Amino acid sequence: MQRIEIKELLATANFGDKVNVKGWVKAFRQKRFIQLNDGSTINNVQAVIDFENTDETLLKRISTGAAISIIGTIEESQGAGQKFDLIVESIEILGDADPEEVNKTILAPKRHSLEFLREQAHLRFRTNLFGAVFRIRHATSFAIHKYFNDKGYYHIATPIVTGSDAEGAGEMFRVSTLDPQSPPLTEDGNIDWSQDFFGKETNLTVSGQLEAELAAMALGKVYTFGPTFRAENSNTARHLAEFWMVEPEVAFNDIVDNMDLAEDFLSYICKYVMDNCADDIQFLNDRELKEDSKKPMAERNPMSLIERLTFVIDNDFERITYTEAIDLLRNSKPYKKKKFKYPVEWGTDLQSEHERYLVEKHFKKPVIIRDYPASFKAFYMRLNEDGKTVGAMDILFPGIGEIIGGSQREERYDVLVEKCKAFDIPEEEMWWYLDTRKFGTAPHSGFGLGFERMVMFTTGMANIRDVIPFPRTPGKAEF
RNA sequence: GGAAAUAUAGCUCAAUGGUAGAGCGCCUCCCUGUUAAGGAGAUGGUUAUAGGUUCGAAUCCUAUUGUUUCCUCCA
């Protein structure tokens, strides 16, 4: 008999249908009611078993966490929680779950802290919470591919092992097959990387941008969506050592086109998730409200998850320049009361306390800040006419901070060569990148979206370690 | 890399330097149209680890380890 998934069953079942359902036992009440879930939806199907005519040892094996297969008939439910029941005709235990053992895991039918769930990342998929999170993570990812595909972008695979260390986005993880105990040495006693697998020093990529630019200068509109790695020792709720990044790169786009694209893109993702994950979003929305009700007023979310997503769909982001941001901050209450720990001066980067003030206190909405001083931005960003700022833009979200960082790229060969010198980037290493500026160069722009930060927004989860199945952070690579 | 907090039963947490406790879960029994089911009972501890102070340490001190939060870095 063909198995039917619970999502389809709940949508299509008619009274009298005979079906086969397989899944994991969420709860077994009164020896009669089995709540069964198969991951296709957050919703369970309720199976009803005639316990008086069922073998006692079989009943014992229908325990929380067990995998079972049921053949039965759909009938109108006598209870209030569901429209129909699956009346069990036959039941097969596919995989037992010893209650004494289950009790030591997060499968135990009770509330668990996120920290405890994280310790059992291999099992947390089974919980309602993480089922919802990872279904939404999938939908978020799919929305990204769909958005770009529908608009004629090409997905480009950029290398994960990179031989260039000029990306400048952070500390890198070395990739090597040399014997760490006794690596080959050069005459002057340094490690001889020429004998390594690739014949040179290689690392895990921190960004696919430079390669994406090469593709954009021929295919026009491209995007990458791949893993990136940062060996930064940062222990925060919004950093991972291994994370996924989405990087569109578009020929002939200037910085304003770039901002328009980013805003339309983020709005589309939110709408897609709202339209396609209604049950999961509702569950996370209600869960957050419940959790918030235990917190003091000041720590609660000013808007619910659904309100936040709707807000991004319906409203434009605030757009200001770096210079305007500095003026705003210097006229702000916390600045005048000397509440900021870091100085606010034109020419220094904004600290998270400043960004939080602008996004969460002043504008109370997503903010795009553009035209940063060239001094603390990457070498490839296009120098503005003022000679002091570059065509960079960061998008800041409430509670998450920088979700997107992007720029118009420097397309002028001479200016870029000067920048390389100023940033101590050897030209001979960047010959392939500089070549695009020699042969038919053109204005172009792009940005990087931290995928997990986006999933934080679409799920409302507060810790980035809870939106990726197996988080990699300093000192942690379990599972 | 910096700072702080924290570590007690399977989980979440109490315990003012003086007998180690609750709720939930698991287990047993009762009930049987429940849906965070209900009722009764039972189980469960080298108080993270190693030292120290004290008549006496879960409690105070030191170190180590783990976890969390904030900062730095960014996405």
Side-chain angles (χ1 to χ4, degrees), chain A residues 26-36 43-52 60 63-65 75-82 85 87 97-120 128 167-171 206-209 227-247 262 290 294 299 340-342 349-353 355-356 376-378 394-397 400-406 447-457 462-465 467-468 473-476 478:
Chain A
K26 280 274 185 185
F28 185 32
R29 280 187 288 272
Q30 284 194 331
K31 285 193 206 165
R32 175 176 290 187
F33 304 103
I34 306 167
Q35 300 297 326
L36 198 67
N43 299 307
N44 303 325
V45 69
Q46 172 163 281
V48 182
I49 190 165
D50 179 4
F51 67 92
E52 282 163 328
K60 283 226 140 188
S63 57
T64 304
E75 287 185 15
E76 186 170 2
S77 179
Q78 298 169 41
Q82 55 285 316
D85 294 333
I87 307 300
D98 177 4
E100 302 272 2
E101 294 296 317
V102 165
N103 188 38
K104 292 174 187 166
T105 73
I106 56 151
L107 297 178
K110 68 183 299 290
R111 282 190 177 284
H112 302 290
S113 65
L114 292 173
E115 289 81 10
F116 189 48
L117 288 159
R118 224 171 277 148
E119 286 171 18
Q120 297 181 31
N128 284 335
E167 287 153 358
E171 290 296 310
V206 293
S207 163
Q209 180 203 312
T228 46
F229 308 86
R230 307 268 168 99
E232 302 284 350
N233 195 357
S234 41
N235 287 289
T236 82
R238 52 184 196 284
H239 287 89
L240 291 166
E242 175 184 290
F243 66 100
W244 290 67
M245 190 149 64
V246 181
E247 295 174 290
K290 236 180 272 173
K294 297 176 199 161
E299 288 173 30
F340 288 136
K341 203 175 142 198
Y342 289 86
D349 204 356
L350 300 176
Q351 297 296 324
S352 29
E353 59 177 354
E355 295 180 346
R356 288 185 85 108
F376 58 79
K377 285 291 186 181
D394 285 352
I395 302 187
L396 311 175
F397 266 35
I400 295 169
E402 189 177 339
I403 198 165
I404 277 180
F447 60 81
L449 168 75
F451 178 64
E452 280 76 18
R453 289 190 182 169
M454 189 64 207
V455 179
M456 287 173 78
F457 190 74
N463 193 314
I464 202 164
R465 288 168 278 213
V467 298
I468 187 167
T473 52
K476 276 219 142 343
E478 188 67 60

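Below, chain A is the first sequence line, B the second, and so on; all start at residue 1. The model shown is predicted, which means the values in this text are computed figures rather than measured ones.
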> Does Phe243(A) lie flat on the base of A75(B), that is, centres under 5.5 Å apart and planes under 30° off?
Replying inline: yes
Whole-Å gap separating [atom2] ([N]) and [atom1] ([X]):
X	N	atom1	atom2	value
Gln78(A)	U35(B)	CD	P	14 Å
Phe457(A)	A75(B)	CZ	C1'	16 Å
Arg118(A)	C11(B)	CZ	P	16 Å
Lys476(A)	U68(B)	NZ	C1'	12 Å
Ile400(A)	C70(B)	CD1	P	13 Å
Arg29(A)	G39(B)	CZ	C1'	17 Å
Lys60(A)	C26(B)	NZ	C1'	12 Å
Phe28(A)	G38(B)	CZ	P	17 Å

If the cut-off is 4.0 Å, is [X] near the phosphate of [N], judged by side-chain N/O to OP1 or OP2?
X	N	result
Arg238(A)	C71(B)	yes
Asn233(A)	G1(B)	yes
Arg465(A)	U69(B)	yes

Of the listed nucleotides [options], the one nearest the side chain of [X]:
X	options	answer
Pro109(A)	C26(B), U34(B), U72(B)	C26(B)
Gln30(A)	G25(B), C73(B), G33(B)	G33(B)
Glu115(A)	U68(B), U32(B), C71(B)	U68(B)
Phe116(A)	G10(B), G33(B), U69(B)	G10(B)
Tyr342(A)	C71(B), C74(B), G33(B)	C71(B)
Lys110(A)	C24(B), C71(B), G33(B)	C24(B)
Ala237(A)	C73(B), U69(B), U32(B)	U69(B)

Close side-chain approach of [X] to [Y], heavy-atom, < 4.5 Å:
X	Y	value
Met454(A)	Ile403(A)	yes
Gln30(A)	Phe51(A)	no
Ile106(A)	Phe116(A)	yes
Trp244(A)	Thr228(A)	no

Mind checking [X] for me? I need base, sugar-phosphate or nothing, with any heavy atom below 4.0 Å counting as a touch.
X	value
Lys104(A)	sugar-phosphate
Ala27(A)	nothing
Asp85(A)	base
Ser234(A)	base
Thr228(A)	nothing
Asn235(A)	base
Gln351(A)	sugar-phosphate
Gln46(A)	base
Glu402(A)	sugar-phosphate
Asn463(A)	sugar-phosphate
Ile106(A)	nothing
Thr236(A)	base
Gly79(A)	base
Lys377(A)	nothing

>> Base of C11(B), side chain of His112(A) - is there a donor-acceptor contact under 3.5 Å?
In response: no
> Quick one: the side chain of Glu52(A) and the base of U32(B), do they pair up donor-acceptor inside 3.5 Å?
Replying inline: no
Expressed in whole Å, how much space separates the [atom1] atoms belonging to [N] and [M]?
N	M	atom1	result
U62(B)	U68(B)	P	24 Å
U47(B)	G38(B)	C1'	34 Å
C31(B)	A40(B)	C1'	11 Å
C29(B)	G66(B)	P	44 Å
C61(B)	U53(B)	C1'	7 Å
C70(B)	G44(B)	C1'	37 Å
A42(B)	G21(B)	P	15 Å
A4(B)	G45(B)	P	36 Å

>> Could you walk me through whether Asp394(A) and Lys377(A) satisfy the side chain to side chain contact (heavy atoms under 4.5 Å, CB included) test, starting with their C-alpha distance in whole Å, then the side-chain angles of each, then the deciding distance to 0.1 Å, before giving a yes or no?
In response: CA-CA 11 Å; Asp394(A) 285 352; Lys377(A) 285 291 186 181; 3.2 Å; yes
> Distance-only, no hydrogens or angles: does the Asp85(A) side chain make a donor-acceptor pair with backbone N or O of Ile87(A) under 3.5 Å?
Replying inline: no
>> Checking the side chain of Glu353(A) only, and the main-chain atoms of Tyr342(A) only, is there a donor and an acceptor separated by less than 3.5 Å?
In response: yes
> So which nucleotide does G18(B) pair with, by the Watson-Crick or G-U wobble rule with both distances under 3.5 Å?
Replying inline: C55(B)
> Does A7(B) have a Watson-Crick or wobble mate here (both distances under 3.5 Å), and if so which one?
Replying inline: U65(B)
>> Testing the basics here: between Ala97(A) and Val102(A), what is the closest heavy-atom pair and its distance to 0.1 Å?
In response: CB-CG2, 3.7 Å
> Closer to the 5' end of RNA chain B via nearest nucleotide, is it Arg453(A) or Lys341(A)?
Replying inline: Lys341(A)
>> Is it true that, when you exclude Lys290(A) itself, more than 12 heavy atoms of the residues, nucleotides or ligands shown sit nearer than 6.0 Å to its NZ?
In response: no
